[in-house]
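Remarks on the structure that follows.
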Protein chains: 2
Amino acid sequence: MDIKEYMQGVGRAARQASRAMAKADSGAKNAALEAIAIAIEREAERLLAANASDMKAAEAAGLEPALLDRLALTPKGVAAMAEGLRQIAKLPDPIGEMDDFSYRPSGIQVGKMRVPLGVVGIIYEARPNVTADAAGLCLKSGNAAILRGGSEAVRANQAIAECVREGLARAGLPELAVQVIETTDRSAVGELITMPEYVDVIVPRGGKGLIERISREARVPVIKHLDGVCHVYIDDDADLDKAVRIADNAKTHRYGTCNTMETLLVAQAMAPKVLPLLGRIYTEKRVELRACAASRALLQEAGFQDVAVATETDWHTEYLAPILSIRIVPGMEEAISHINHYGSHHTDAIVTENYSRARRFLREVDSASVMVNASTRFADGFEYGLGAEIGISTDKIHARGPVGLQGLTSQKWVVLGDGHVRS
Amino acid sequence: MDIKEYMQGVGRAARQASRAMAKADSGAKNAALEAIAIAIEREAERLLAANASDMKAAEAAGLEPALLDRLALTPKGVAAMAEGLRQIAKLPDPIGEMDDFSYRPSGIQVGKMRVPLGVVGIIYEARPNVTADAAGLCLKSGNAAILRGGSEAVRANQAIAECVREGLARAGLPELAVQVIETTDRSAVGELITMPEYVDVIVPRGGKGLIERISREARVPVIKHLDGVCHVYIDDDADLDKAVRIADNAKTHRYGTCNTMETLLVAQAMAPKVLPLLGRIYTEKRVELRACAASRALLQEAGFQDVAVATETDWHTEYLAPILSIRIVPGMEEAISHINHYGSHHTDAIVTENYSRARRFLREVDSASVMVNASTRFADGFEYGLGAEIGISTDKIHARGPVGLQGLTSQKWVVLGDGHVRS
């Protein structure tokens, strides 16, 4: 197979399908989502069998247990895929929304209409559920999609792709509106990210290394998520109870997610009150602590001997594990400097009852999500009310933070006149 | 001078200045704009002398008359620069705007805050007035700016840069918030577009070749304007008078602008009525016509012998000159296909009294600006009410069409809680 030729064909077909998708009405798009859900439920056994083959091959190839875990499909997982598609069908259709219309001094009326981006390329890990999810989001937002999942999931992905094609056809939409790359050849990714004539945006999901490489080599705009070095800062005027609850939840609710706190910053005056309480919680939950000299001394004094010394590297690190770095800072000024310097501009929270400091923190912390008295774990498309998310962007261009249907759209200008000409 | 080292220094200083700019209040930013305007007025003679040296060198180097024309500064031009800065000061400050706040089922309150992009790099032709304009727009939107104007304007640009620095300092803002590249070495551009650690977005202005090269080589997001192959489609149900007025204005109001009509599409049934009227106007205004066989026959029958045969290349071409291609189409369906295939997704208009076709045209034409019964010449930041524009984007990502202050901003998510944690 000539990969370049194959990908050019995929791109051309996607571009063509995108024209029909842009015109598709909400009824047809929702009917397709429902038909795909039905096909997935009907084909559940075939999907599970395809996944079993994928799992067997991946085990034989020695794939890591964590990755095998993400690859695995269960009957419950298949049902969740169908349910996810039905939820996307229930979301309001963003396409065609018009707003901001006003008359200008010239007499023309100017406003904006929301439109699809066109063709969206999504590159993701070996997780078959993402295939259904990404197909659904692109379809609902009126885009054509080119999906490239991790090669270990190729059999399940192709089985899901058949259900998607069936659903599109049943609703009278072009079958090629969602294409799942068939080849596992890695050079297909290289082609996909360098076809600006056919692809309008790339959404890469996966490890930081992969995403950095894609960003470097892409000739197409990329909506990317790098890492989540998230902070909670406990201010002088923090409510002790809220501080403990939030610092606990932000770290221990889930360890492997990008919105998990990785560094806890504590104002000097609060440290003696809050650190002993937190030391106990983290010790009970077996969270490894790496602390600055001052916080380490405080924790040891309170009886927690097993605290490591944090190094410069720790402040930069997304552990994605039960590890937490802790630093005592003189006050909010230094906390903001630390966050803007060492953080990844993902999600950062302050715990405080002080109005002025809350206001300054929100303005001056340069992150996709800034929070007052809430756990960083809330940084999520569902929690924010987007209904579903295609990813979380750490970029500032186009989409920042959780990206839902709207992030897969653009706005065009609409001008209504009555024979108006410019003078 | 080591260009790489120089540009890294510029980038580092810009990143640092951007932090202070993000926090700057509207009062300080407006004071800086006013102080720059005053400095420009006071230094008018120095600016004109610097420009005179630029002009002399450019003439000696044999620069084209059209480019010399853009390079030239007059006392009126200097006054207009100062006036432009004062107009930017009068625009509402977009930074810190908060909207879309709502309570979520979890109890948190979620909304968005508008924030600067950070550091904006602008690469433009040898037009000194753009230096003042771009500096003003970046300053007002809370960004730091790195400006690289055409090398022929280097003396005037440095004189303007001094006024900008003075104004920033007077308002207590960092002088390095606006840096005008001093070297005329072309490799400075190569460095500027490959420093993602220091530059958040690049706005290139100038010829299509330059912009294509920058887009290809950039490692930083680019807000770009390629070309404007704009259409007017005169529908079966067009009002004859409006059709003539709009087709005249869209072509002949100004020939060298990107929103000028380059191809006129006419519905078969309307052609015999409207083409003779337009043939007369275009002939009087010495617009060269290149027509499809059918429209050529009609025009010749009406007495306009001097009509060339349009070739495939014409449908793709942005003339930027008194030349117009004309094509008769069976109806709107074919007009939309022509526009989406041959156009540049910039600005396209329909002239019609038919409600359903107007509605379909607006939805299905895939362009940054779509218009009903209005001249394409309205596609402009001032006409749309943006107050000022940094450029017109033909991209779909981030900003589409005229880009004003808002296009130089992003939105971050704000979460307000009261000790909320995720369960």
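The figures that follow rest on heavy atoms only: side chains count, while hydrogens, waters and symmetry mates do not. Reminder, nothing fancy here: chain letters follow the sequence lines and each chain counts from 1. Note that the structure is predicted; figures quoted are calculated from it, not measured.
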Short question: side chain of [X], backbone of [Y] - any donor-acceptor pair under 3.5 Å?
X	Y	result
B/Arg254	B/Thr260	no
B/Asp248	B/Leu278	no
B/Asp200	B/Val119	yes

Count the heavy atoms of every other residue, nucleotide or ligand shown that sit under 6.0 Å from OH of B/Tyr103, and state whether that count exceeds 12.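 Check fails, neighbour count at 12 or below.
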Given heavy-atom pairs under 4.5 angstrom as the criterion, report whether the side chain, backbone, both or neither of [X] touches chain B.
X	value
A/Leu117	both
A/Val372	both
A/Val244	neither

Among [options], residue most engaged with chain A (heavy-atom pairs, under 4.5 Å):
options	answer
B/Arg104, B/Met371, B/Lys23	B/Arg104
B/Arg216, B/His345, B/Arg400, B/Met113	B/Arg400
B/Pro116, B/Pro402, B/Gly111, B/Gly107	B/Pro402
B/Ser375, B/Ala368, B/Ala349	B/Ala368

For [X] and [Y], which I'm curious about, is there any donor-acceptor pair between the side chains at under 3.5 Å?
X	Y	answer
B/Tyr233	B/Thr352	no
B/Ser367	B/Asp348	yes
A/Thr257	A/Arg377	yes

In residues 409-423 of chain B, which residues are in contact with chain A at a heavy-atom separation under 4.5 Å?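 Residues B/Ser410, B/Gln411, B/Lys412, B/Trp413, B/Val414, B/Val415, B/Leu416, B/Gly417, B/Asp418, B/Gly419, B/His420, B/Val421, B/Arg422, B/Ser423 are the ones that qualify, each having a heavy atom under 4.5 Å from chain A.
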Side chain, backbone, both or neither of B/Ile108 within contact of chain A (heavy atoms, under 4.5 Å):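 Answer is side chain: those atoms of B/Ile108 sit under 4.5 Å from chain A.
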Nearest non-hydrogen partners of A/Gly142 and A/Ile95, listed with the distance: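 Closest approach of A/Gly142 to A/Ile95, heavy atoms only: N-CG1, 4.3 Å.
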Of all heavy-atom pairs between B/Gly118 and B/Ser18, which one has the smallest distance, and what is that distance?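 In terms of heavy atoms, the two residues are closest at O-CB, 3.5 Å.
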Is B/Asp237 paired with B/Arg357 through a side-chain N to carboxylate O contact shorter than 4.0 Å?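 Yes, this pair counts.
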Closest-packed option against chain B by number of heavy-atom pairs under 4.5 Å, given A/Gln109, A/Glu353, A/Arg219: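 Max contact count across the listed options: A/Arg219.
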